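A quick note: this is a predicted structure, and the numbers were derived from the prediction, not measured.
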Amino acid sequence: MFIGHYAPAFVAASSPKSPRLGALFVAAQLVDIAFFVFVLVGVEHMRAVPGFTAMNAMDLYDMPFTHSLIGAAGFAAAWAIGTRWLGGGWPAAWIGAAVVVSHWLLDFLVHAPDLTLFGSGQRYGLALWNHPAIEIPLELALTFGALLFYLTRTEAKGTSGRISPAILALALLGLQAFNWLQPQPAAIVDPLPASQPALALFAYALFAALAFWVARTRAVKGGPRVRLV
């Protein structure tokens, strides 16, 4: 799951009590942002194994802190505490925390069994990455269905409010297509070059920046709202 992780952010951002869409985009990928930072500094590990799944070669064999359910819950709690510290209310804190935890649940659908509950032991994952005919339309439907939901519950602030969602949608679709179409390696790559996690972090930063722009150019219907950043 890549852009599908943003579906909960779009849905949550339609509430007057939620943080802004840009902040929720960060929340949606907070677990992966931490993971790729941990990969860069050697705390968690991944490698590329040809044919590991039908859709990509990522063998995520060591990620006890970020991709355990208890780890995701810890990041969600940190998000909620941070929201309160920055002046957000409890509704905004819990909405953002729910978006953070949704990352693990969506990964459960697509990952080969590599997710844990407590960082070790039994590994979980329904492995839809081995079934492209199911995973591809599912991810697209989740993402763009949620975007449509967000658009029907917000209104544009001028021309930029109509352009910004289209640009965000094109960016999501373009980088997702790149992710799906890149060829698998010919041999095991371990360790991965630093450019791989760095590219992922760049993509998350780009999407978040575009989402902040969308939020500034659209207003939630139904009156004023108090939102974090």
- Query: Which of parallel (below 30°), tilted (30 to 60°) and perpendicular (above 60°) describes Phe65 and Phe38?
  - Reply: perpendicular
- Query: If you measure from CG on Leu172 to CD on Glu139, what distance do you get to the nearest 0.5 Å?
  - Reply: 10.0 Å
- Should the pair Phe108 and Tyr124 be assigned to parallel (<30°), tilted (30 to 60°) or perpendicular (>60°) ring geometry? tilted
- Item | Rounded distance [0.5 Å steps], CH2 in Trp90 versus CD1 in Ile95 | 13.0 Å
- Message: Please tell me whether Ser68 and Thr116 have a donor and an acceptor in their side chains that are separated by less than 3.5 angstrom.
- Response: no
- Item | Donor-acceptor under 3.5 Å (Asp62 side chain, Glu44 main chain) | no
- Going only through I, L, V, M, F, W and Y residues with side-chain contacts under 4.5 Å, is there a path from Leu140 to Leu170? no
- Inspect the contact between Arg47 and Asp59 and indicate whether a charged nitrogen and a carboxylate oxygen are less than 4.0 angstrom apart. yes
- Query: Got a second to check how far Thr66's OG1 is from Leu115's CG, nearest 0.5 Å?
  - Reply: 9.5 Å
- Message: Does His5 form a side-chain contact (heavy atoms from CB on, under 4.5 Å) with Gln29? I'd like the steps, not just the answer.
- Response: CA-CA 7 Å; His5 284 302; Gln29 293 288 13; 3.6 Å; yes
- Query: Is the shortest heavy-atom distance from the side chain of Val39 to the side chain of Pro191 under 4.5 Å?
  - Reply: no
- Item | Within 6.0 angstrom of Leu173 CG, more than 12 heavy atoms from elsewhere | yes
- Task: Begin from the C-alpha positions of Arg218 and Tyr150 and carry the test side-chain contact (heavy atoms from CB on, under 4.5 Å) through to its verdict.
- Result: CA-CA 10 Å; Arg218 299 189 67 85; Tyr150 171 77; 4.2 Å; yes
- Message: Go through it in stages, so that I can follow the logic: the residues are Leu24 and Ser18, the test is side-chain contact (heavy atoms from CB on, under 4.5 Å), and I'd like the CA-CA distance, side-chain angles, deciding distance and then a yes or no.
- Response: CA-CA 9 Å; Leu24 290 171; Ser18 77; 4.1 Å; yes
- Task: First locate atom CG of Leu126, then atom CD of Glu135, and finally report the distance between them rounded to the nearest 0.5 Å.
- Result: 12.0 Å
- Heavy atoms from other residues, nucleotides or ligands near CG of Leu105 exceed 12 (cutoff 6.0 Å): yes
- Message: Quick check on the 6.0 Å ring-centre criterion: do Trp129 and His111 meet it?
- Response: yes
- Item | Over 12 non-hydrogen atoms of neighbours within 6.0 angstrom of OH in Tyr61 | yes
- Message: So which atom in Gly51 and which in Gln184 form the shortest heavy-atom distance, rounded to 0.1 Å?
- Response: N-OE1, 2.6 Å
- Separation between CD1 (Ile3) and CD (Gln176), nearest 0.5 Å, reads 4.5 Å
- Query: Between Phe207 and Tyr6, what is the ring plane arrangement, given parallel below 30°, perpendicular above 60°, and tilted in between?
  - Reply: perpendicular
- Task: Please answer: with hydrophobic residues joined when any side-chain heavy atoms are less than 4.5 Å apart, are Phe52 and Met1 in the same cluster?
- Result: no
- Query: Leu109 and Val99: same hydrophobic cluster, using ILVMFWY side-chain contacts below 4.5 Å?
  - Reply: no
- Between Gln122 and Leu117, does a side-chain contact (heavy atoms from CB on, under 4.5 Å) hold up when you go through it step by step? CA-CA 8 Å; Gln122 180 69 39; Leu117 297 180; over 6 Å; no
- Item | Note, Lys221 side chain near Glu155 side chain (heavy atom, < 4.5 Å) | yes
- Query: Going hydrophobic residue to hydrophobic residue with side-chain gaps under 4.5 angstrom, can you get from Phe10 over to Val31?
  - Reply: yes
- Atom CZ of Phe2 and atom CG of Asp32: how far apart are they, to the nearest 0.5 Å? 9.0 Å
- Taking the six-membered ring of Phe212, is the NZ or CZ of Arg216 close enough (under 6.0 Å from the centre) and on axis enough (within 45°)? no
- Task: Answer yes if Ile70 and Phe75 sit in the same cluster of Ile, Leu, Val, Met, Phe, Trp and Tyr residues linked by side chain heavy atoms under 4.5 Å apart, and no otherwise.
- Result: yes
